[in-house]
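Shown next, in structure tokens, is the structure this report addresses.
Throughout, protein chains are lettered first and strands after them, A, B, ... in sequence-line order, and every chain is numbered starting at 1.
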Amino acid sequence: MDVKRRKFLKIAGISAIAGIGAPTAFSTLLKGEVNASSGGGHGEATEKSDAHAEEKVVGKQYGLVINTKKFGQIAGLAEKCTAACHAEHNVPDYGNPKDEIKWIWTESYNHAFQGKSDHKKNDALKNLPILVTCNHCANPPCVKACPTKATFKNKDGIVMMDYHRCIGCRFCMAACPYGARSFNWKNPRETYANGEMKFYPNGINKEFPTRMRGVVEKCNLCAKRIADGKLPSCVEACGDTKGIIFGDINDPNSEISQVLKNTFTIQRNPTTGTRPSVFYII
Amino acid sequence: MLEKALQGKHAYWGWILFLLGVISIGGIFYVFQYFNGLGVTGMSRDVSWGLYISQFTFLVGVAAGGVMLVLPYYVHDFKEFGKITILGEFMAIAAICMCLMFIIADLGQPLRALNVLLHPTPSSMLFWDMIVLNGYLFLNVLVGWVVLHSHYKDAPAPKWIKIFIWISIPWAISIHTVTAMLYCGLPGRHFWLTAILAPRFLASAFAAGPALLLLVALIMKKVANFDAGEKAIQKLTTIIAYAAILNFFFVGLEFFVAYYSELPGHTHTFDYLFFGSHGYDNLVGPMRFSAFIGIVATIMFLIPKCKQNTTLLPIMCIMIFLSLLIDKGLGFVLGGFVPNPLGAIVEYYPTIPELGIVAAIWAAGALILTILYKIVLSVEANKA
């Protein structure tokens, strides 16, 4: 009898200790996850209730509004944006889709907007070039997935890559619901015998580093140009067309916020809860 | 005890040499990959994980399968497993070593692997996978070695080891659960985004792991005079049968959800894997073959006459193992990338260097397993 009682007390004691510890540990865990899990399954998680209040984004969140109408009207504008970006960031050209690296490129409406069909839609829509790129999500699954914090959100809300920390596990590529990430399957710095670079037929931009093989890369919303007080190169490539508007979507007085307020826009895959910062006028 | 691995007959050394040969050839391919990058594999921007990660996923299951011996033996005192429980633990060691090798083979920058420790990131499931896998490796090395060594010295196993044995049981569940979480927590991949993934992984693991173990035990009976015991073998067949039934039940549920709801995101990958989609069908043959041999073998495992037939039993084990290897070690991971986030279908074909590296890692696993089992056999032989 006595032995049983002692055993019971032991178990009860251990359970009590575990019981005290568990909720604290649990709430700490939850707190840490609050920012990461905001948005839930509801697309744009606006501050509708108090429960969501602490998820309110503070600080900057740079984003883009892409006016697809302009790209439909002005032939070659989308290609110009891609070319400007890829030249600016030394995006190598391997000449095959398997090794392809792309930061910003053109897709059709039904490819860019998964879950939205172009069935019985107007012809103009079917031919509309849609520029797609990293969405610099407010709640990026790639950042959550990265095991080394090699991809992270900077103070401007830009999802950045640290090419020197990336181990090349490609978990972020599996996690991104937009297919925005590319991997350096080969060495982009490879040269011919005469020293000429193989994958940069037009030379390289000395202002931006080339990458090494084995790391992931993607659009960085021209973080360096922004720091220098310039516009992102895709925005600059659009000139006065206003094809792409850039700015802080968390600043109510910014031009982009005014456009978002007054124009109907859509986002890619909002149901994934990532809260993308790239908006489209269709 | 290690010296036991160095005493063997010609056949033993021949087998070791064969494995070393495969490892060397694959090693050369790895050096080639190391200096040229992962571009030498068939992986692409759209199918960014290939055979390395899919084999890794399957082998985590084989490792977890060892618990199907540890649990009955230590928790339910099922004495008949006394001789083979150690085999389950050592199989887990070999499988985890293979998992770690597959991960390293898959890294674009393998020299930076320790960044996972330098910059620990609890939000990443890969971080947790690293912890549970290495923890499980440690537990099995410790438990297996201590228990075998006491047996060797004719002493009872020390009491403190019990704690580690008990920890190892939920830990085995955790390794495959966390591995499932690598996949089922990604918002953009419909095929992987299913809450039933971890249970499905575990069910397939508890069939595949014991099936491999039973096969090896039957081989050892032939070549090394090792008898696991008829009762233990029959119990293993029961475990395999139930686990395989659960696995196919779970797969059936996935099919129901996909094809009854007809949600495109759910049906698309199943279409691609089993029927072909828009002319792309390079996995249809293997997946149908996998389903066929898996279901046939499961039925055979339920028929006493088949289970007790010593010629059929190893074939049934091979069928179950192969079926689940194709299902999880090929279709599951590759299927998740089809269609890609932009709705396009890109197919993947492994390259020769990639297959060479895969073969080398399997050979390395077989080598670890052979050495460990050789030690077990020698210790047992000394007793007799």
Reported [atom1]-to-[atom2] distance for the pair [X] and [Y], which is rounded to 0.5 angstrom:
| X | Y | atom1 | atom2 | value |
| --- | --- | --- | --- | --- |
| B/Y183 | A/F171 | OH | CZ | 8.5 Å |
| B/R189 | A/T272 | CZ | OG1 | 12.0 Å |
| A/D99 | B/L38 | CG | CG | 11.0 Å |
| A/M173 | B/L186 | CE | CG | 13.0 Å |

Tell me, out of B/G108, B/G188, B/G37, who's got the most heavy-atom pairs with chain A below 4.5 Å.
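Counting heavy-atom pairs under 4.5 Å, the top option is B/G108.
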
Measuring heavy-atom distances to chain A, does [X] have an atom under 4.5 Å in its side chain, in its backbone, in both, or in neither?
| X | result |
| --- | --- |
| B/Y52 | neither |
| B/M43 | both |
| B/N36 | backbone |
| B/I53 | neither |
| B/R45 | both |

Has the side chain of [X] got a donor or acceptor atom that lies under 3.5 Å from a matching backbone atom of [Y]?
| X | Y | result |
| --- | --- | --- |
| B/R112 | A/G168 | no |
| B/Q109 | A/R213 | yes |
| B/N115 | A/R165 | yes |
| A/K149 | B/P120 | yes |
| B/W49 | A/A174 | no |

Please say whether more than 12 non-hydrogen atoms of neighbouring residues, nucleotides or ligands are located less than 6.0 Å from [atom1] in [X].
| X | atom1 | value |
| --- | --- | --- |
| B/L118 | CG | yes |
| A/F152 | CZ | yes |
| B/Y34 | OH | no |

For a side-chain contact (heavy atoms from CB on, under 4.5 Å) with A/P147, tell me which candidate from B/L117, B/L126, B/T121 qualifies.
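Per the side-chain contact (heavy atoms from CB on, under 4.5 Å) rule, the option paired with A/P147 is B/L126, out of B/L117, B/L126, B/T121.
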
Just by distance, with hydrogens left out, do B/S48 and A/R170 show a side-chain donor and acceptor under 3.5 Å apart?
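Judged by distance alone, the side chains do not pair up.
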
Using non-hydrogen atoms and a 4.5 Å limit, figure out which bit of [X] sits close to chain B: side chain, backbone, both or neither.
| X | answer |
| --- | --- |
| A/R181 | backbone |
| A/C169 | both |
| A/Y178 | backbone |
| A/A180 | backbone |

May I ask you to name which of A/F183, A/Y94, A/F113 has the most heavy-atom pairs under 4.5 Å with chain B?
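Of the candidates given, the most pairs with chain B belong to A/F183.
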
What option among A/M212, A/R268, A/E190 has the most heavy-atom pairs under 4.5 Å with chain B?
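Greatest number of close heavy-atom pairs with chain B: A/M212.
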
Residues forming a salt bridge (Lys or Arg N to Asp or Glu O under 4.0 Å) with A/K98, sequence neighbours excluded
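Salt bridge (Lys or Arg N to Asp or Glu O under 4.0 Å) check on A/K98 returns nothing, list empty.
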
For residues 326-354 of chain B, pull every pair meeting salt bridge (Lys or Arg N to Asp or Glu O under 4.0 Å), keeping only residues two or more places apart or in separate chains.
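Listed once each, the pairs are B/R200-B/D327.
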
Minimum heavy-atom distance between [X] and [Y], given as atom pair plus value:
| X | Y | result |
| --- | --- | --- |
| B/L342 | A/W105 | CD1-CZ2, 3.6 Å |
| A/A145 | B/S124 | O-OG, 2.5 Å |
| B/P341 | A/P177 | CB-O, 3.4 Å |
| A/I167 | B/L107 | O-CB, 3.7 Å |

